[in-house]
Each structure stands twice: as C-alpha cells, then as structure tokens.
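In what follows, every heavy atom counts, from backbone to side chain, and hydrogens, waters and symmetry copies are set aside.
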Amino acid sequence: MFFADGWHARLREERERLGHSQPIFGGFGGVKKQTQIAYEQGKSSPDIEYLQAIEKVGADVFYVLTGARMQPQTPAPAPPPPTEEYSQQEKVIVAKLRMLDPEERDEIEELVEKVEQAKTARDKVVRRFRKAS
C-alpha cells in the first residue's frame, strides 16, 4: 500500500482533530495503544481494515495516505458541558482537562490507568492478607 511521506504525522493529526486519545483511536481501528503509537511514529504501517475502521469514525484516510484532503476538515467536537450532577471538584477537574492539549490528555489518561492498576493490585494484596488471617 502506498503511503506518502509524513503519513504517520497526518494520522496523529487526524486523531487529535477528532479529539481521541491513542488507546481510544486505536480501539476504533482494532489495535492496542502500542500499535497506535507505532503507527504514529511510522514504525509500522496500518492495514486496510484499520484504515476502513478509522474512516467510519470520521478520519480522512485519503488525507492520511496522500496529504490531500477529501473531506472538509472539522474541529474536534466540544465535550459536553458539566451537568448539575457533577460536584464542584469534578467541574474544576473537567475545566482544567479541557485546557490541555491532546498529548497532555493522553498523559493524564495513562496516569489514571496506572492509578487504577495500583488500586487493583493493592486490593488483591488486601484480600490475600484477609484470607491468610
């Protein structure tokens, strides 16, 4: 398959334009986060199934492959405004999150995933300790 120079940067540009993190966008294409990262770094090339899948979520695949736009470029959709059910703390966090660029949001998402993994590991240790007691 033909990929014009810079295709990997355009792939990232499309992901960011659509407002998705690497794990989410990769998931749309049926790949894991590390594969998405490899694509965006030009270390490996996506297959046709991946390209068809990301096109369904709004990516301009022709642009990614050739550098020429086929679809009009649209900005990423705005996140929904906080609802009344959000706490004040949640509203502050969401407002600060919206000010970050997509790369910083990816870093925050990775941090949250690490915290969740640590909590899961801690819970397993606590359960084992309780069983042993």
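With Arg105 contributing its side chain and Leu97 its backbone, the two residues share a donor-acceptor pair below 3.5 Å. Looking only at distances, a side-chain donor or acceptor of Glu14 sits under 3.5 Å from a matching main-chain atom of Asp60.
Note that NZ of Lys33 and OG1 of Thr35 are 12.0 Å apart. Values are rounded to the nearest 0.5 Å. The structure places CD of Glu55 at 8.0 Å from CD of Gln52, a figure rounded to the nearest 0.5 Å.
At a threshold of 4.5 Å between side-chain heavy atoms, the hydrophobic network of Ile, Leu, Val, Met, Phe, Trp and Tyr places Phe28 and Ile37 in two separate groups. Linking ILVMFWY residues whenever their side-chain heavy atoms come closer than 4.5 Å, directly or via other members, leaves Tyr63 and Leu11 in distinct clusters. Val31 and Ile24 fall within the same hydrophobic cluster, defined by Ile, Leu, Val, Met, Phe, Trp and Tyr side-chain heavy atoms under 4.5 Å apart, directly or through other members.
Looking at residues two or more places apart in sequence or on another chain, you find a ring pair (Phe, Tyr, Trp, His ring centres under 6.0 Å) between Tyr50 and Tyr39. Applying the side chain to side chain donor-acceptor pair (under 3.5 Å) rule to Arg10 yields no partners; only residues at least two apart in sequence or on another chain are considered.
In terms of heavy atoms, Ala68 sits closest to Phe62 at O-CD2, 3.1 Å. When every heavy atom of Gly58 is checked against every heavy atom of Arg17, the shortest pair comes out as O-NH2, 3.0 Å. When all heavy atoms of Ala59 and Leu18 are compared, the pair lying nearest together is N-CD1, 3.6 Å. Nearest heavy-atom pair across Gly42 and His8 is N-CB, 3.5 Å. The nearest pair of heavy atoms linking Pro23 to Glu109 is CG-OE2, 4.1 Å.
Of the charged side-chain nitrogens involved, at least one lies within less than 4.0 Å of a carboxylate oxygen, so that Arg12 and Glu103 count as a salt-bridged pair.
Contact check for Ile54 versus His20: no side-chain heavy atoms found under the 4.5 Å cut-off.
Listed by first then second residue, pairs satisfying salt bridge (Lys or Arg N to Asp or Glu O under 4.0 Å) with a partner in residues 120-133 read Lys119-Asp123, not counting sequence neighbours.
Glu40 and Gln36 share a side-chain donor-acceptor pair at under 3.5 Å.
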